[in-house]
Trainee: 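Below: one structure in structure tokens.
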Amino acid sequence: PTPTPTPTPSQTPAPGKPVVSVVLVGNGPKTTATVTAATVGGPTTTVTLAVTPLAAGETVTSARPTTYAVSLATCGPRTYTATATGPGGQSTTSTTYGQCPPPGRPEPTYAESYVRNPDGTSTVRVRWFPPDSVQGETVADYVVSYYDVFGNVVGRHVTTQTTDAFDALPGCPAGADASHVQWTVVARNSSGAGPPSDPDEDNRCRGL
């Protein structure tokens with residue numbers, strides 16, 4: 001019998017593993033993925049990019065031969081897989097990117113009402129606006145911190161609403177004419193806490 005010829009292995013090496021870099025663009029969940037072929041290995045004919053998972057309406061389009069515009073509806077983690085193809089075969093690189101950033105700063109905050117109680121304490125009800133959405137994150141809850149007239153924390157509440165009340169705030173010191181109550185709000189999501197709101201205060205203690 002005639003022996004089956006052994007295939008001659010290709011003398012051209014496969015392309016080097018491509019490099020994937022992903023950057024966020026603007027205030028929406030858009031990204032730009034740049035794919036470059038490695039400088040070692042065989043020649044590269046094409047470089048492609050696949051992003052998973054992709055929801056309905058999300059797209060990956062080629063802006064240039066190795067640059068891709070990725071439009072996503074959320075900032076959740078995605079896997080970016082680049083494949084370099086050349087005469088010697090293929091090489092693939094995968095990277096995961098897309099953790100949502102913490103929320104932004106809630107603002108402005110203000111006092112809806114402020115009441116001095118007969119027992120010398122004060123009740124303050126405050127309100128704020130959610131932070132502007134950045135990269136599509138959602139706010140899980142808010143941490144509201146209250147301070148006495150000396151800057152000491154006297155209460156801390158966690159709420160999912162954009163309003164809160166604190167009814168044990170120490171009242172104005174006797175004879176004080178410039179006392180104030182103060183509070184800050186921090187928004188949190190699955191990635192952590194954002195920056196606190198600018199300290200807001202209410203001077204209705206003044207002159208009491």
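Side-chain atoms are counted along with the backbone in the values below, which use heavy atoms only and exclude waters and symmetry mates. Quick caveat: nothing in here was measured; it's all calculated off a predicted structure. One is the number of the first residue; the rest follow in order along the sequence.
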Trainee: Do the side-chain N and O atoms of Ser94 and Thr81 include a donor-acceptor pair separated by under 3.5 angstrom?
Mentor: yes
Trainee: Mind checking the CZ-OH spacing from Arg125 to Tyr110? Nearest 0.5 Å is all I need.
Mentor: 11.5 Å
Trainee: Do the non-hydrogen side-chain atoms of Pro87 and Thr45 ever get within less than 4.5 Å of each other?
Mentor: yes
Trainee: Would a 4.5 Å heavy-atom cut-off, applied to side chains only, mark Leu54 and Leu72 as touching?
Mentor: yes
Trainee: Indicate if Val19 and Val47 have the same hydrophobic cluster label, given that clusters are the connected sets of ILVMFWY residues with side-chain heavy-atom separations under 4.5 angstrom.
Mentor: no
Trainee: Under 3.5 Å, is there a donor-acceptor pair between the side chain of Thr93 and the main chain of Pro18?
Mentor: yes
Trainee: Can you tell me if Thr163 uses its side chain to pair, donor with acceptor, with the backbone of Arg127 under 3.5 Å?
Mentor: no
Trainee: Any sub-3.5 Å donor-acceptor pair from Arg105's side-chain atoms to Pro196's backbone N or O?
Mentor: yes
Trainee: Quick check: closest heavy atoms across Gln90 and Ala14, and the distance to 0.1 Å?
Mentor: O-CB, 4.1 Å
Trainee: With the 4.5 Å side-chain cut-off for hydrophobic clustering, are Val143 and Val154 part of the same group?
Mentor: no
Trainee: Can you see which heavy atom on Pro13 is nearest to which on Pro43, and at what distance?
Mentor: O-CD, 4.3 Å
Trainee: Ignoring hydrogens, what is the shortest heavy-atom contact between Gly16 and Ala84? Give both atom names and the distance.
Mentor: O-CB, 4.0 Å
Trainee: Do Trp128 and Val139 share a hydrophobic cluster, counting only Ile, Leu, Val, Met, Phe, Trp and Tyr and linking them when any side-chain heavy atoms are less than 4.5 Å apart?
Mentor: yes
Trainee: If we only count heavy atoms from C-beta on, is the Val51 to Tyr68 side-chain gap below 4.5 Å?
Mentor: no
Trainee: Does Tyr80 reach the side chain of Val35, with side-chain heavy atoms less than 4.5 Å apart?
Mentor: no
Trainee: Answer whether the closest heavy-atom distance between the side chains of Val124 and Tyr146 falls below 4.5 Å.
Mentor: yes
Trainee: Please tell me if the side chains of Arg188 and Val158 come closer than 4.5 Å, counting only heavy atoms from C-beta onward.
Mentor: yes
Trainee: Mind listing the closest non-hydrogen atom pair of Thr184 and Pro199 along with its distance?
Mentor: CG2-CA, 3.8 Å
Trainee: Give a yes or no on whether the backbone of Pro15 and the side-chain of Ser91 come within a donor-acceptor separation of less than 3.5 Å.
Mentor: yes
Trainee: Say you draw a straight line from OH of Tyr142 to OG1 of Thr159; how long is it, rounded to the nearest 0.5 Å?
Mentor: 9.0 Å
Trainee: Looking only at heavy atoms, which two atoms of Ala55 and Glu58 are closest? And how far apart?
Mentor: N-OE1, 2.6 Å
Trainee: Any donor and acceptor pair, going by atom type alone, linking the side chain of Thr44 with main-chain N or O of Thr46 inside 3.5 Å?
Mentor: no
Trainee: Nearest 0.5 Å, what's the NZ-OG1 distance between Lys17 and Thr83?
Mentor: 9.5 Å
Trainee: State, to 0.1 Å, how close Gly104 and Pro195 come at their nearest heavy-atom pair, and which atoms those are.
Mentor: C-CD, 4.1 Å
Trainee: So do Phe166 and Val144 actually touch side chain to side chain, heavy atoms under 4.5 Å?
Mentor: no
